[in-house]
Enquirer: 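This structure is in structure tokens; I'll ask about it shortly.
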Amino acid sequence: MKPLKLFNLLLNAFGEQGWWPVTEPNAVKPSYKKRAGLTKRQKFEVCIGAILAQNTSWKNVEKAIENLSRNGLLSVKAINSCSQKKLALLIRSSGYFNQKSVRLKRFAAHIVSCYNGSIEKMLSKPVEKLREELLSLHGIGPETADSILLYAAFKPVFVVDAYTKRIAERVFAKKFHSYAELQAFFESGIPKSVACYNEFHALLVELGKNYCSKNPKCSECPINKNCYYYKQ
DNA sequence: TACCAGGTCCTCG
DNA sequence: CGAGGACATGGT
């Protein structure tokens with residue numbers, strides 16, 4: 001099996017996922033939904049969410065975002081002027097709150113100092129430059145950077161996470177040694193489009209959460225017929 | 001109770 | 001390089 005086939009199987013099994021979940025202007029919590037585009041606030045929310053979601057369940061991130069939302073903190077300026085202590089308190093549920101509160105503030109401070117506070121200006125940079133810039137920020141690694149590139153800046157960059165690695169190693173019976181290797185494997189097998197990368201990553205998360213977990217539920221898995229691990 | 005979750009950084013061989 | 005530990009909450 002190839003990545004494109006996996007994509008089609010998953011899409012068929014789960015349908016479109018409506019990623020990345022963001023908060024509507026009149027709402028307080030993020031929702032999955034197909035959208036035409038994102039507001040400036042929603043783009044910033046994606047970035048915040050990507051940092052908060054590091055090695056943490058999305059449920060816990062949702063609560064943190066809800067707190068930020070209620071306190072008017074879903075903006076570059078607000079995060080930049082909020083104290084790190086207060087921020088840590090609000091994002092407590094997302095875990096690693098001390099580190100993450102610092103990361104959020106560094107991210108916001110960077111946008112203030114380099115782009116006069118305009119996240120749109122930053123996100124409109126060419127993809128390679130922007131990726132390097134994001135990676136240079138402390139606390140933003142490859143997955144967080146790529147999530148921002150794909151889901152906030154709409155650049156065609158395939159996002160790799162722990163699910164992607166686990167699923168790929170099981171389904172394709174291959175060993176991947178680096179983030180870049182995994183990313184190249186998927187990017188070379190599917191159309192280079194934002195829509196496709198968006199959906200594929202979301203579908204992999206869905207599969208990873210519900211079936212291809214550490215202790216997999218292979219017998220109920222919708223793609224087990226095509227999985228090397230299940231057949232073994 | 002222990003393990004896991006949409007990682008990243010640091011340190012040590 | 002790569003392995004191993006620290007960071008931390010909430011759900012099962």
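Computed from a predicted model, the values in this text were never measured in an experiment. Numbers restart at 1 for each chain; the letters A, B, ... are given by sequence-line order, proteins then strands.
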Enquirer: Between the side chains of Gln183(A) and Asp146(A), is a donor N or O closer than 3.5 angstrom to an acceptor N or O?
Expert: yes
Enquirer: For a quick test of reading the model: is some side-chain N or O of Thr144(A) closer than 4.0 Å to OP1 or OP2 of dT8(B)?
Expert: yes
Enquirer: Within the 4.0 Å heavy-atom criterion, would you say Gly141(A) contacts the bases, only the backbone, or no part of the nucleic acid?
Expert: sugar-phosphate
Enquirer: Does Asn98(A) make a side-chain N or O approach to OP1 or OP2 of dA8(C) shorter than 4.0 Å?
Expert: yes
Enquirer: Is the shortest side-chain N/O distance from His138(A) to OP1 or OP2 of dC10(B) below 4.0 Å?
Expert: yes
Enquirer: So, Ser118(A) and Lys40(A): side-chain donor and acceptor under 3.5 Å apart, yes or no?
Expert: no
Enquirer: Taking only side-chain N and O atoms of Arg103(A), does any of them lie within less than 4.0 angstrom of OP1 or OP2 on dG7(B)?
Expert: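 Negative; the distance criterion is not met.
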Enquirer: Give the minimum heavy-atom separation between Pro25(A) and Gln42(A), together with the two atoms involved.
Expert: CD-NE2, 4.2 Å
Enquirer: Can you tell which of dC7(C), dA5(B), dG10(C) lies closest to the side chain of Ser93(A)?
Expert: dG10(C)
Enquirer: Tell me what Glu143(A) touches on the nucleic acid: a base, only sugar-phosphate, or nothing, going by heavy atoms under 4.0 Å.
Expert: sugar-phosphate
Enquirer: With a 4.0 Å cut-off on heavy atoms, is Lys59(A) in touch with a base, just the backbone sugar-phosphate, or nothing at all?
Expert: nothing
Enquirer: Any donor-acceptor pair under 3.5 Å linking the side-chain atoms of Thr144(A) with those of Gln54(A)?
Expert: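 Result is yes, a qualifying pair exists.
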